[in-house]
Structure formats: structure tokens, C-alpha cells
Amino acid sequence: MNTDEKKDEKSLHFIEEIVEEDLKTGKNDGRVLTRFPPEPNGYLHIGHAKSICLNFGMAQKYGGATNLRFDDTNPATEDVEYVDSIKYDVQWLGFNWVQELYASDYFGQLYQFAVELIKKGLAYVDDSSAEEIAAMKGTPTEPGTDSPYRSRSVEENLALFEEMRQGKCAEGSRVLRAKIDMAAPNMHLRDPLMYRIKYARHHRTGDTWCIYPMYDFAHGQSDAIEKITHSICTLEFIPHRPLYEWFIENLSIFPSKQYEFARLNLTYTVMSKRKLLQLVNEKHVSGWNDPRMPTISGLRRRGYTPESIRNFCDRIGIAKRDNLIDMSLLEFCIREDLNKKALRRMVVLDPIKVVITNFPEGKVEPCPSENNPEAPETGNREMPFTRELYIEQEDFMENPPKKYFRLAPGQMVRLKSAYIIKCEEVIKNSDDTIQEIRCTYIENSKSGQDESGINVKGTLHWVSAAEAVPVEIRLYDRLFKVEDPSSESGDFKEYLNPESLTVITGYAEPALREAQPGESFQFLRKGYFCTDEESTTEKLIFNRTVTLRDNWAKSGK
RNA sequence: UGGCAGGUGGUGUAAAGGUAGCACAGGAGAUUUUGGUUCUCUUAGUCAGGGUUCGAAUCCUUGCCCGCCAACCA
């Protein structure tokens, strides 16, 4: 009994365990307040989605809340364009923050904190150059050396820091540093920089400030100011934790706690904002929302749903070891979701003409076809069946291998929701290519009223040649040719997949005329496709989200 | 040769000293008017050595391997 109960429980990941322990011991009065802290210097990607699901998810699960806080301490790289896209993407994923905040909201408070540390003799103004500071920092195996400015008096430091703030110092001429330990084995404790001078216009504070706090002197204090209980970040911030705690202790502010988990890596793509920005700037992709990008906006345009992404984040788990998740898991998640939701439509991507010789010219016979067999309540739409049709080039072979269930001379197939046809003759062009396939249809074999008694192995999708709508189809494939482009030697861009995008014209059944931008469909036997945002009634454009699973192709044919 | 954090099937992730489980991927079959879906079944794993223990993925120890850290980035 006891063991059965245990089996049913989903096991907790290490952060959930920490929170449950805190709740049990009454820490923070049972309060859970997390924050999602993006820097507005790029678009959010699927790795951020993992963090978003974690931070908002923890709050949701334990009756807490989550702040959205922009870590905007570097005006040189940040912009409102990014702020807007980030807010949109978080909401699109299905999460709501209680407060929209900015580290820049705290610039005044942070300045006071710095003054406080100077007064306590724990911070000093250093006139050394960036190069000199780097040289005095030492190396991981050798201790650093004290700066000649390290022993300035409190009064002098106070005056100098004030001058920095007033814009009396040139950019790069001075910095404010914490006075900790130049011999610390942890490099981050070797008198880390707290403030630097930057004459850059900030997207929120404008020209109010010319000194800006570094990450380490902004993040922890922002957490403390907001009384964040669990400050969750990625593994590379582990060495920052002692510094995070040092500032909090010496300032005697709310003791937020930092916890670190392993960031997401995905096969056949890159996940660093720097690299993604490079792909955008160098035009290897059409923009941050190119459907090949692992960005939230790219995935959205590709046809990924919020549900599928949340589900994916759920399945990959939270742990501390480095990981490289197989792209096929993400693909599984979107297929799973779209299988339930996407309406079925027939589109021939690579047409070959079929003439039904015993079907009257000019006749149009409506064939009802289910919109989604997984959701019968979606009903049917009608496909027009006519004498001339298109089927897929690959669905016909003159000399088929055994177990080829499709069309071949003398063989019969079912046209989905319509008739069984038999291939009678192949008409060729002078260059030996196929001009058209001549078939006869079995009159009493219509779907739903089949009295032919004929059993066929294959069912093909098709469209009426006369009624089909030409549409643009963008076939997307993986962005890179190798699983882990970042770990390969040389420039990661050498490994871009030149065939990541193929644009073709396909022939769609008439019902697709009404496709709205953002709407997803299953093109029968071909895959899931999403109407592109640039699609119009005059020119329909579809992006391939993902192919269907294909056991036939997998078997090597 | 410094500090820190990790190492469980191909990929992820559970098992908190007591049956190594789940998902994806792979394989076999059944169903199917999508070679889709669904349903069965299945291959495959505790980094290595030593120790503690009745019993170790788990504790101790040594070694090996991977990652992060020396931006006026976050």
C-alpha cells in the first residue's frame, strides 16, 4: 500500500525539494516569490522557456508569484525592442507576472548601497585601466595583487565616486570595486567591479546616469529589494554565489537565496544569444523569428504551440548535469499536440497528373472528408473529385519494389475519401518523363458507400487539378548539419545546413483558401504546416512545422 | 599543477542503503480509408578501482572524464 502510493507520486526535482523543505520549516513565512530576469539584449529562446516554466511553474505549484524583471544594467547592448518581444513571448507561453520590474528602477537605491559599502571600508575607487586591473587579477593558479588605489580613504572614495556619478570622469578612467580578497581562489572574489562609467543613453533612464552597476552588484540586491525567496539561475553563476551572498550580508538586506540548474542544449542548433544574434546580423536567417531559429518567436512562426513547448520543458526535467536534448523530443511534443488539434487537409507538394478515363469530363463530385479523425466533432469538409487529378510524384512507381502499397502499373489504390482507382497506362513525354498516368475508377467503391469488396493496401492524398489552389510551401529542416555545432572545431557557422529551407509550390484543396495566419493543419501524409504570418488570401504561404512520423521512409523503402 | 560543479541505456530523467523505473529515439507485431494515430511486445545503463555493509547508483576513498571560472557582459 505504502509503496503503491509512492509509485503514483511524480518525483520532485531538486528545486522542488528545496522549496518543499522551506515550506515545511516555515522559511519566508511560507512565501514563494520567484523572478524571471532576462536581459533585454536579444529575443527569448527555448532555453529561456525552460527557465520561464521553472520560475513561473514553481510559483504556480506552491501558491506563490513571479516577477518579470529586466536585468537592464548595460545600456550599450539593450533596447526596448527586446523588452517588448520578451513580454509578448512570456505571455504567449501562458504565464503572467505579478510585477513588471527593471533593475534600472533600483539605480538610485543601488547607488546608496555602494555609498554604504564605501563608508564601511568595503569598496574603493580604482583609477587603474582595464588592462591593469586584468593583470593584477592574477590567474586561477596564481593570486592577484592589490591595486595601488586599494587603500584610499573613505572620504576620498566617497568624493571620487560622487565625481564619477556627476560625469566628471572619462569613460574607462575609474571603476568602483568591492574590497574583498585579491588572493581568493574564486576569481569573482578578487575585488570585483561594482560600477563602471558609460556615457550611453539607457532605454529607460535616458541620460540620468553615466555610471552603471555590474551584474553582480545589481542582481542580488534586486532580488533582495523585491524579497525574492528563490532566485533560480543557470550553472555558470555558481561561482558568483559567494559574491551574491557577500553583498547581501554586508548590506544587511533580505537574504534571497540563489539556486542553479543546468541550462538547456538542443541538438542541431545553437542556444547562445551571441550566436543567434550573429545569424541574424549576417543574414543566415531572415530574423529573430525565422522559423529555423530556436527562439520562441521562431518556434511560434514555425507552428509550435505554447502547450507543446510547456510540455517539452516538463519532460526534459531539471537537474545539475550538462545535457544535450534530442531535437526529436521537441518534435514528438508538437506532433502530440497538433495530432489532437490540427485539421486535416490534402496538399500535393510535388504533383503528377492522373486522368480518370472513365470519369465524365466536367463533372465535379463532392467527397466529404473528415476534418480530424481524432476530433470527430470537427465534422467534414468536401473535396471536389474530377476527371483530372494530382497525386504525389513519389506515390507512383513504374517498377515498384515489393511492399510498395502505392500506385503502379496494374495496381489499385484508394484515393482518400473518394474512389479506388486502377493504373491502366503511363503516358510519357519525348524525354521519357511521365506526362500523365491514366487510371480507371471503380464506380461502386466510393468512401462510405463502398460495395466493391476490393481491399487495397494504400490510400493516397490527392487534389482536383482544376480546383486546386497553388500555394507557397516553405519546407524547413534542421538549421545545422551536426548535432552540436558549438562543440565542433572552427566557426560554428561552417556547420549550417544549406538545405534548411526549400521553397516550393504545392497544390492545395479548395478548403485551404480560408487558412488564417498562425493556423496549423496536418497536410495528410506529409506533415504539420502552419499558415505563415505573411500569408494572404491571394498568396497563401505555409511553413512546415514538422513531418509526420514515417515508418515507410525509415525502413529504407 | 587553483577553485567550483557534475558523471545512471543512444538522449534525457527517476530510484534519498533494499526489485535500476519512466519518456524520447531504435527494433518487432496488431489495428487503421493518413506507411499518421492507437495498442502490445522489445533491445540497451549505474565512469573505473578499492573500502564500509547482510545488502551500494546511493556512504567513504583514489583515479579518470566532462563542464564552468582570469569581460569596465549577463
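Computed from heavy atoms alone, side chains included, the values below leave out hydrogens, waters and symmetry copies. In the text below, chain A, chain B and the rest are named by the order of the sequence lines, each starting its count at 1. Being a predicted model, the structure only gives us computed values, none of them experimental.
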Does the gap between the ring centers of [X] and [Y] come in under 6.0 Å?
X: A:Phe70; Y: A:Tyr102; result: yes
X: A:Tyr441; Y: A:Tyr419; result: yes
X: A:Tyr244; Y: A:Phe237; result: no
X: A:Phe161; Y: A:Tyr195; result: yes
X: A:Phe107; Y: A:His202; result: yes

Item to complete: Using the aromatic ring of A:Tyr215 (for Trp, its six-membered ring), decide whether it stacks on the base of B:A74 within the limits of 5.5 Å and 30°.
Response: no
Worksheet item: A:Arg549 side chain N/O closer than 4.0 Å to the phosphate oxygens (OP1, OP2) of B:U38?
Response: no
Discussion item. Does a side-chain N or O of A:Lys526 approach OP1 or OP2 of B:U34 to a distance below 4.0 Å, or not?
Written reply: no
Discussion item. When you measure only distances, ignoring hydrogens and angles, does the side chain of A:Arg315 come within 3.5 Å of the base of B:G12 through a donor and an acceptor?
Written reply: no
Worksheet item: If you look at every strand shown and take non-hydrogen atoms under 4.0 Å, does A:Leu324 touch a base, only sugar-phosphate, or nothing?
Response: sugar-phosphate
Worksheet entry | Sugar-phosphate, base or nothing in reach of A:Ser128, heavy atoms under 4.0 Å | base
List every contact pair, protein side and nucleotides 6-9 of chain B side both N or O, where the distance is under 3.5 Å.
{"from": "B:G7", "atom 1": "OP1", "to": "A:Arg321", "atom 2": "NE", "distance (Å)": "3.3"}

Worksheet item: Are any of the side-chain nitrogens in A:Asp477 or A:Arg544 under 4.0 Å away from the carboxylate oxygens of its partner?
Response: no
